[in-house]
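Okay, structure first, notes after.
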There are 2 protein chains.
Amino acid sequence: MIETTNRIDEMSQFLKLLSDGTRLEILRRLHVREHCVCDFVEMFDISQPAVSRHLKLLRQSQIILERRERQWIHFRINPDHPQHELLLTILNAMDLPAIPKKNC
Amino acid sequence: MIETTNRIDEMSQFLKLLSDGTRLEILRRLHVREHCVCDFVEMFDISQPAVSRHLKLLRQSQIILERRERQWIHFRINPDHPQHELLLTILNAMDLPAIPKKNC
DNA sequence: ACGTTATATAATACAATCGTTATATAAAGA
DNA sequence: TCTTTATATAACGATTGTATTATATAACGT
C-alpha cells in the first residue's frame, strides 16, 4: 500500500516536471541534440534566470544531464532515467513537425 | 509556429491534470471499473468537496465521462479522448499491482 | 588584473493549485 | 412535505510554481 503510494507520488512528480510548456519545449529540443543555456535564453521570451531555473528542475530530477565545456554548460536528455521511454512517448504524442538537426 | 505552441500547451495542460497523486489514483481505479463520487470519498483522506473538485477537473477536460443513475453519479474513463492511449501508457508505466475487479 | 560572456542564486511578487468549511441542489424514501 | 443521502458550488486560506530584478560566480580574452 505504501509502495503503491510511492509509485503514484513518483509518477505525479515526474508528470509535474513535464506539465510546463517551457520545459516540454526544452525537452523536445534536447531530444534532437544538446543545447546550452544560451540557446534557450534566445529561444524563449523569459529571462535567463527563469531558463536556468527550468533546467535546474529537470537536472535535479535526472531527466537531463549536463556537461561543462569551457564557459558553456551543455544539457542533454538522460537516456538512463527510469521514465526515459515514457518521456519519448510523451514527446512523440505531441506529434509536432521534426526539428532540423542544424536549427537553433 | 503557433500550431506548435498550441500542441505544447495542450500537452502541458493534459499532463498538469495527471500530475496529481489523487487524480492519478482516481484514474487508475476508473481504468478498472466505474466508480461514483462516494467510492472516492471513502478511499481518500480528503473532504467530499475536494474529491468533487478533482473529478470536475478531469470531466471538464473530457478525460472522464459521467452518467447519473438515481442519486449517484458514476464516472468512467473516456476512451475517445485524444490522449487516451497516452493515459493508458502512463497508468501502465506506474507498474502497480492490479486492482481486483471486485475491490472497492 | 580587468572587462566580457555564460550561468547560477537570492529576494521578492504574483498567480495557480489544493485543501478546508459552509451552503446549495437533486433525488429518494418515510 | 420533511429528512436523509449524494453531489456540487462558494468563499477563503495556505502552499507551491513561475516570473522578475539584482547580484554572485566561473571561465575566457586582452
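Each chain gets a letter, A, B and so on, in the order the sequences are listed, and its residues count up from 1. Only heavy atoms go into these numbers, but all of them, side chains included; no hydrogens, no water, no symmetry mates.
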*Interatomic distance where CG belongs to A:D9 and P belongs to C:dC18 [whole Å]*: 13 Å
Name the atoms and distances for all side-chain donor-acceptor pairs under 3.5 Å in residues 46-59 of chain B, with sequence neighbours left out.
from, atom 1, to, atom 2, distance (Å)
B:S47, OG, B:A50, N, 3.3
B:H54, ND1, B:R23, NH1, 3.0
B:R59, NE, B:E66, OE1, 2.8

*Report the C-alpha separation of B:F40 and B:T22 in whole Å, then their side-chain angles, then the decisive distance to 0.1 Å, and conclude whether the side chain to side chain contact (heavy atoms under 4.5 Å, CB included) test is met.*
CA-CA 9 Å; B:F40 296 125; B:T22 301; over 6 Å; no
_Nearest-Å distance for atom pair CD1/C1', residues B:I46 and D:dT15_ = 16 Å
*Backbone N or O of B:W72 within a donor-acceptor pair of the B:H74 side chain at under 3.5 Å?*
no
_Tell me the interatomic distance from A:F44, atom CZ, to D:dT20, atom C1', rounded to whole angstroms._
18 Å
*Go along nucleotides 1-16 of chain C 5' to 3' and tag each nucleotide: B for a protein heavy atom under 4.0 Å from its base, S when only backbone or sugar atoms are that close, - otherwise.*
-----SBBB-------
*Whole-Å distance between C:dT17 P and A:L15 CG?*
15 Å
*asked:* Between A:N78 and A:L65 (side chain of the first, backbone of the second, donor and acceptor by atom type, cut-off under 3.5 Å), is there such a pair?
replied: no
*Return the 5'-most residue of the pair A:T22, A:R70 with respect to DNA chain D, ranking by each residue's nearest nucleotide.*
A:T22
*Report yes or no: does B:D39 contribute a side-chain atom to a donor-acceptor pair with the main-chain N or O of B:C36 at less than 3.5 Å?*
yes
*With sequence neighbours excluded, tell me which residues meet salt bridge (charged side-chain N to carboxylate O under 4.0 Å, His left out) with A:E25.*
A:R28, A:R29
_It should be established whether B:H54 places a side-chain nitrogen or oxygen under 4.0 Å from OP1 or OP2 of nucleotide C:dT17._
no
*If only side-chain N and O atoms of B:S47 are considered, is one of them under 4.0 Å from the OP1 or OP2 phosphate oxygen of C:dG19?*
no
